[in-house]
Amino acid sequence: MESGGALAGLHRNPTFHHLLRPPRTAVNNLLSSSSSTYKRHFSPLPLKFQKQSHFASYSYNCSIKDGSAFQVAYSASATPELANIDWDNLGFGVMPTDYMYSMKCSQDGNFSKGELQRFGNIELSPASGILNYGQGLFEGLKAYKRHDGNILLFRPEENALRMKMGAERICMPSPSVEQFVEAVKATVLANERWIPPPGKGSLYIRPLLMGSGAILGVAPAPEYTFLIYVSPVGNYFKEGMAPINLVIETEMHRATPGGTGGVKTIGNYAAVLKAQSAAKAKGYSDVLYLDSVNKRYLEEVSSCNVFIVKGNLIATPAIKGTILPGITRKSIIDVALSQGFQVEERQVSVDELLDADEVFCTGTAVVVSPVGSITHLGKRVSYGSDGVGRVSKQLYSTLTSLQMGLATDNMNWTVALK
């Protein structure tokens, strides 16, 4: 999933203000040596990021607005003090951290060098393209902390490629894959103390691309901003790995053929809020949407892809422009194939769903979430005795072990930062 609320994380929450003291790393030591600059402008970190493998550390060549420069090194052996929060009770919500990353692009399509800035509100013109015409999209990925202190990203280049695809659909320039991945690395390392301890959660990473330039007529914006912020998170659904309960929506639709349902544009998520809110008010976890033409084939949950299991066969709706090409979806398919399952990407009818042995959802936020029941036209169908099917459990265990560095990554999907 890739969850919605693309701009919600940019508003400072005073509840967490006391948590925003600078991390106890070399960053502060260097900044304090130039206190007047620190007080005037706190946008200290990298204009360039590079890995120096012979030191087993990460080095940033940094500059601040008065033109002075310094270097910040993150040693693999140095672990910053963890943020003072309750790691055992993390939910899935915005928690202000230390830094966010920003870089801009003018009409020539070339992004400037980016920089890390203190996390905080941003300034936009009332006539900006994102506010007036919804010209924006976002990504979602996670960083995990291993027991040895290493930090792992999961397939960040896939997010970069998907952002490029989405940007083309809504007429925006996008960062290169290299720019995207390096920016993610820089942001994660600068916020290392917010990465939950192993087994306590993950650091959710939200890259956001938006038309920040002012535009009055319906047209692409004249300026674009690429922004990344992060937040420590626990489970997306309050049920965790426990089964969720879905209701099939028969009147409203998430996407239509020829629209933008296949890219992570911000407007896709506003379209699900009414049905989702109504479903949650009735006690359901979320909504499962049908295709808008035949109204009998599965598409996806509000922010997750859906799979059904029948015997050794796993089926999931095919990617045909109305369904988001989830990176977790893609990974689960590859894992299932490697474990001997037959996997089909095709139209999946409601009848097949209701007759399945088990059902599960996939997404960045949920990873794999088993479905305990589906309600369709007032009829409820339950799966298994406890709703957590054997296949769901097996695939969840395999994928999370890879993401967290608990198993050998034969797929070459993880990227180690330290």
Side-chain angles (χ1 to χ4, degrees), residues 1-5 8-9 13 15-16 82-83 85-97 138-147 151-155 188 191 194-206 229-247 269 272 276-277 279-280 283-288 300-307 324 326-329 331-332 335 358-373 383-384 386-389 391-406:
M1 149 190 121
E2 298 43 296
S3 66
N13 185 340
T15 302
F16 297 102
L82 283 173
I85 60 177
D86 184 357
W87 298 107
D88 292 316
N89 292 291
L90 277 180
F92 195 94
V94 176
M95 185 175 293
T97 51
F138 68 94
E139 281 296 324
L141 62 159
K142 290 178 177 177
Y144 294 88
K145 178 67 71 71
R146 289 192 354 174
H147 287 282
I151 301 168
L152 296 180
L153 300 176
F154 185 72
R155 310 189 76 175
V188 170
N191 291 288
W194 296 93
I195 304 176
K200 301 292 186 180
S202 59
L203 187 72
Y204 189 87
I205 307 159
R206 172 55 58 80
Y229 64 93
V230 299
S231 180
V233 297
N235 292 318
Y236 180 73
F237 289 119
K238 67 180 187 302
E239 296 91 340
M241 186 57 186
I244 61 174
N245 301 297
L246 303 178
V247 60
Y269 297 85
V272 307
Q276 185 188 64
S277 297
K280 289 186 175 182
Y284 299 105
S285 307
D286 215 326
V287 175
L288 175 58
E300 61 179 77
V301 180
S302 299
S303 54
C304 313
N305 295 115
V306 64
F307 289 76
L324 189 73
I327 295 164
T328 308
R329 172 190 181 277
S331 304
I332 282 294
V335 168
E358 60 180 287
V359 180
F360 61 89
C361 299
T362 65
T364 298
V366 303
V367 187
V368 175
S369 187
V371 175
S373 73
Y383 301 94
D386 61 359
V388 183
V391 176
S392 307
K393 190 180 299 183
Q394 179 177 326
L395 295 176
Y396 173 84
S397 177
T398 301
L399 190 60
T400 53
S401 293
L402 283 173
Q403 292 175 327
M404 298 177 188
L406 301 175

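These numbers were taken from a predicted model, which means no experiment stands behind them. Residue indices begin at 1 and follow the sequence shown.
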Inset, instruction - Locate the shortest heavy-atom distance separating Glu300 from Cys304; write the atom from each residue and the value. - result: CB-O, 3.1 Å

Legend entry - Met404 CE to Arg146 CZ distance, which is reported to the nearest 0.5 Å: 13.0 Å

Legend entry - Close side-chain approach of Ser331 and Phe154, heavy atoms under 4.5 Å: yes

Legend entry - Which atom of Trp194 lies closest to which atom of Leu203, heavy atoms considered: O-CD1, 3.7 Å

Legend entry - Whether Phe92 and Tyr204 hold their rings parallel, tilted or perpendicular, with breakpoints at 30° and 60°: perpendicular

Legend entry - Spatial distance of atom CG (Leu141) from atom CZ (Arg155) [nearest 0.5 Å]: 12.5 Å

Inset, instruction - Taking the side chain as every heavy atom from C-beta outward, state whether Leu246 and Cys361 have any pair of such atoms under 4.5 Å apart. - result: yes

Legend entry - OH-CD1 distance between Tyr396 and Ile332, expressed to the nearest 0.5 angstrom: 11.0 Å

Inset, instruction - For Ser202 and Tyr144, indicate whether the former's side chain and the latter's backbone hold a donor-acceptor pair under 3.5 Å. - result: no

Legend entry - Any donor-acceptor N/O pair, Thr97 side chain to Val230 backbone, under 3.5 Å: yes

Legend entry - Atom of Val371, atom of Ser373 and distance for their closest heavy-atom approach: CG1-O, 3.3 Å

Legend entry - Flag side-chain contact, heavy atom, 4.5 Å: Leu399 against Val367: yes

Inset, instruction - For the residue pair Ile205 and Leu153, establish whether any side-chain heavy-atom pair is separated by less than 4.5 Å. - result: yes

Legend entry - Considering all heavy atoms, the nearest Gly140-Thr364 contact: O-OG1, 3.3 Å

Inset, instruction - Would you confirm whether Ser397, through its side chain, and Lys393, through its main-chain N or O, come within 3.5 Å as a donor-acceptor pair? - result: no

Legend entry - Side chain proximity check, Phe307 to Val368, heavy atoms < 4.5 angstrom: no

Legend entry - CG-CD1 distance between Asn305 and Ile327, expressed to the nearest 0.5 angstrom: 10.5 Å

Inset, instruction - Measure the CD-OH distance between Glu358 and Tyr383 for me, rounded to the nearest 0.5 Å. - result: 10.5 Å

Legend entry - Heavy-atom pair with the smallest gap, counting every atom of Leu90 and Pro232: CD2-O, 4.1 Å

Inset, instruction - Quick one: closest heavy-atom pair of Phe360 and Pro370, and the distance? - result: CB-CA, 4.0 Å

Legend entry - Gap between atom CD1 of Ile85 and atom NZ of Lys200 - 0.5 Å precision: 12.0 Å

Inset, instruction - State, yes or no, whether a side-chain contact exists between Leu82 and Trp87 at a heavy-atom distance under 4.5 Å. - result: yes

